[in-house]
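Taking it in order: structure first as structure tokens, then the write-up.
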Amino acid sequence: MKIGVLISGRGSNLQSLIDATAEPGFPAAIALVISNIPDVYGLERAKLAGIPTRVVDHKSFAGDKAAFEDALHAELSAAGVELVCLAGFMRLLSAGFVNRWHDKLINIHPSLLPAYKGLHTHQRAIEAGEKFGGCTIHFVRPAMDDGPIILQAPVPIIAGDTPDTLATRVLVEEHRIYPEAVRLIASGRVRVDGERALVDQNK
Ligand code: GRF
């Protein structure tokens with residue numbers, strides 16, 4: 001399965017996908033990496049791995065979100081992408097784009113959804129006295145951080161945790177479950193039934 005990865009920054013989750021897809025027998029390959037911000041380190045990671053990259057800079061579309069998303073769609077389609085992975089992509093995508101990639105567009109979010117949608121998830125979880133943070137891979141729907149949950153990993157919140165210390169431990173889990181979710185989807189083990197993703201772990 002050909003995947004496209006959308007980034008806006010350092011790309012550590014992209015790196016976990018690059019590493020996984022380099023393993024023999026992995027059922028997906030990265031066909032294209034797109035950043036909406038020029039010169040981010042994630043683009044270097046892709047280049048070092050020999051993966052084609054594009055910059056589709058939202059700022060060059062003068063506020064025309066539909067044109068920005070059309071450009072993203074055109075690049076992904078031209079590369080033959082079958083599954084789009086958002087990996088630290090910091091633009092909200094509108095319903096037009098999301099619906100064109102229905103059940104073919106996934107995101108990683110650093111909380112146990114549906115708790116803590118949006119930003120500053122670790123800080124909010126610590127301040128609320130939660131005992132677990134974590135991360136979620138989900139299919140994308142038009143509402144922010146919404147959609148059928150594919151995989152989650154809980155991470156204990158321990159005394160003295162700061163948003164940074166918790167983020168560091170959650171990131172270890174992000175890098176484990178994102179490639180795993182792609183592997184499951186690419187091997188046909190994920191089915192969406194209503195608004196639930198059913199994952200066949202045993203096939
Ligand atoms: C990750 O914490 C991811 O969960 C969130 O944005 C961050 C991206 O980090 N959506 P990176 O660019 O993959 O290192």
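We count ligands from 1, going down the list as the structure has it; atoms in each ligand are counted the same way. Owing to the predicted nature of the structure, the values given are computational and were not obtained by experimental measurement.
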heavy-atom search around atom 4 (O) of ligand 1 in the protein gives Glu174 OE1, 2.8 Å
TODO: Please say whether more than 12 non-hydrogen atoms of neighbouring residues, nucleotides or ligands are located less than 6.0 Å from CE in Met144.
DONE: yes
For atom 10 (N) of ligand 1, the closest protein heavy atom turns out to be Ile108 O, 3.2 Å
Decide whether His109 and Thr121 meet the rule of one side-chain donor and one side-chain acceptor closer than 3.5 Å.
no
- Phe89 vs Phe68 aromatic rings, parallel, tilted or perpendicular, using cut-offs 30° and 60°? parallel
Out of curiosity, is Gly11 lining ligand 1, as in a heavy atom under 4.0 Å away? yes
Exercise. Are side-chain N/O atoms of Ser16 and Glu174 paired as donor and acceptor at under 3.5 Å?
Worked result: no
Of Gly88, Pro110, Ser12, Ala167, the one whose closest heavy atom lies nearest atom 11 (P) of ligand 1 is Ser12
Does a side-chain N-to-carboxylate-O contact under 4.0 Å join Asp200 and Arg191?
no
Quiz item: Based purely on interatomic distance, does Ala87 place a nitrogen or oxygen under 3.5 Å from a nitrogen or oxygen of ligand 1?
Solution: no
Discussion item. Between Arg54 and Leu76 (side chain of the first, backbone of the second, donor and acceptor by atom type, cut-off under 3.5 Å), is there such a pair?
Written reply: no
Among non-hydrogen protein atoms, atom 9 (O) of ligand 1 lies closest to Arg10 NH2, 3.2 Å
Query - Backbone or side-chain N or O of His109 under 3.5 Å from ligand 1 N or O - result: no
Regarding ligand 1, does Asn107 bring an N or O atom to under 3.5 Å of one of the ligand's N or O atoms? no
